[in-house]
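Read the structure below first, then the notes.
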Amino acid sequence: MEIRLLDRHDAAAYQALRLQALRDSPHAFSASHDEEAARSLDEVAARIVPAADGSVRMFGVFESGELAGFVALIHPQRKKLCHGAELAGMYVTPSSRRRGLGAALLQAVIAHARSIDGVRQLGLSVNATNEAAKALYRSAGFMSWGVQPRALQIDGVFHDEEYQLLRLDVPR
Ligand SMILES: CC(C)(COP(=O)(O)OP(=O)(O)OC[C@H]1O[C@@H](n2cnc3c(N)ncnc32)[C@H](O)[C@@H]1OP(=O)(O)O)[C@@H](O)C(=O)NCCC(=O)NCCS
């Protein structure tokens with residue numbers, strides 16, 4: 001297994017896996033398949049290359065050289081917000097699940113967030129019914145702090161979103 005930041009050469013593989021994620025796990029993402037499918041490869045490349053100001057980084061986990069999962073780390077640059085960063089869009093392809101890739105990806109991103117000067121906490125949101133992802137985040141020390149009712153509406157059905165936080169400045 002290899003974990004690294006994605007760059008523009010990964011755009012095609014990322015886009016294929018991202019569209020698969022939106023097809024097979026629509027309830028786990030706020031983006032929709034149709035919106036994302038319309039993006040050109042150049043747009044996708046621009047979204048996954050590390051932002052020059054450090055505000056967005058996309059990490060990938062690879063098995064036998066193939067992209068098997070990804071997660072984004074978003075770091076707001078504004079003065080009042082830059083003590084926090086957000087995890088978004090976590091996915092591991094079904095054939096690679098339950099073998100520790102998600103946990104390894106999560107630990108790599110947490111370690112990276114710790115290395116960013118001034119970052120004290122990591123937040124994320126997860127569909128309140130997504131027990132697999134909630135167990136994964138819990139095992140890394142994330143704590144739930146609230147639920148937004150009806151955060152997503154998918155095919156006419158509302159879904160609650162649970163918000164979680166990991167403090168990086170307190171020992172676990
Ligand atoms: C959630 C997801 C990323 C987990 O990836 P994974 O590579 O299978 O996770 P791991 O094998 O590293 O599992 C780590 C821990 O997470 C928990 N976990 C993972 N899958 C689980 C499942 N199906 N049921 C219960 N717990 C689960 C367990 O605590 C597990 O530890 P264990 O194997 O020692 O019991 C993956 O299932 C996925 O991509 N799901 C669809 C998209 C999604 O829900 N993304 C999250 C958006 S917030």
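Numbering of ligands and ligand atoms starts at 1, following listing order.
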Supply the atom-to-atom distance Leu19 CG to Asp24 CG, rounded to the nearest 0.5 angstrom.
11.0 Å

Within a distance of under 4.0 Å, is there any protein heavy atom near atom 34 (O) of ligand 1?
no

From the candidates Arg138, Glu162, Arg97, Arg98, the one that places a heavy atom nearest atom 25 (C) of ligand 1:
Arg98

Is it the case that over 12 heavy atoms from other parts of the model lie below 6.0 angstrom from the CD atom of Glu2?
yes

Side-chain donor-acceptor pairs of residues 111-120 under 3.5 Å, sequence neighbours excluded:
| unit_1 | atom_1 | unit_2 | atom_2 | d |
| --- | --- | --- | --- | --- |
| His112 | NE2 | Arg57 | NE | 3.0 |
| Arg114 | NH1 | Leu168 | O | 3.0 |
| Ser115 | OG | His112 | O | 2.6 |

Ring pair (Phe, Tyr, Trp, His ring centres under 6.0 Å) partners of residues 77-96, not counting sequence neighbours, each pair once
Phe70-Tyr91

At a 4.0 Å threshold, what atoms of ligand 1 neighbour a non-hydrogen atom of Tyr137?
46 (C), 47 (C), 48 (S)

Do you see a donor-acceptor pair shorter than 3.5 Å between the side chains of Ser55 and Asp53?
yes

Quick one: do Leu87 and Val109 satisfy side-chain contact (heavy atoms from CB on, under 4.5 Å)? Show the steps, please.
CA-CA 8 Å; Leu87 275 176; Val109 178; 3.3 Å; yes

Do me a favour and list the nearest non-hydrogen protein atom to atom 26 (N) of ligand 1 with residue, atom name and distance?
Ala135 CB, 3.7 Å

Out of all atoms in ligand 1, which are within 4.0 Å of some heavy atom of Ser125? Include the element for each.
48 (S)

Counting from 1, what ligand 1 atoms have a heavy atom of Met90 closer than 4.0 Å?
3 (C), 42 (C), 43 (C), 45 (N), 46 (C), 47 (C)

Distance, nearest 0.5 Å, that separates CD of Glu43 from CD1 of Ile48
12.5 Å

List the closest protein heavy-atom neighbour of atom 18 (N) of ligand 1: residue, atom name, distance to the nearest 0.1 Å.
Ala132 O, 3.6 Å

Does the pair Asn127 and Glu161 meet the rule for a side-chain contact (heavy atoms from CB on, under 4.5 Å), with working shown?
CA-CA 5 Å; Asn127 188 303; Glu161 197 76 356; 4.1 Å; yes

To the nearest 0.1 Å, how far is atom 7 (O) of ligand 1 from its closest protein heavy atom, and which atom is that?
Gly102 N, 2.8 Å

Numbered atoms of ligand 1 (with element) below 4.0 Å of Asn130, judged on heavy atoms
43 (C), 44 (O), 46 (C)

Nearest protein heavy atom with distance in Å, relative to atom 12 (O) of ligand 1:
Ala103 N, 2.8 Å

Interatomic spacing from CZ in Arg18 to NE2 in His33 - rounded to 0.5 Å
10.5 Å

Find all atoms of ligand 1 within a distance of less than 4.0 Å from any non-hydrogen atom belonging to Tyr91, and give their numbers and elements.
39 (O), 42 (C)

Protein residue, atom and distance nearest to atom 43 (C) of ligand 1, heavy-atom basis:
Ala28 CB, 3.6 Å

Please list the nearest protein heavy atom to atom 11 (O) of ligand 1 with its residue and the distance rounded to 0.1 Å.
Gly100 N, 2.9 Å

How far is atom 39 (O) of ligand 1 from the closest protein heavy atom, and which atom is that?
Val92 N, 2.8 Å

Rounded to the nearest 0.5 Å, how far does CD1 of Ile154 lie from OG of Ser30?
9.0 Å

As a check for students: among Thr93, Leu106, Leu136, identify the option with a heavy atom nearest to atom 13 (O) of ligand 1.
Leu136

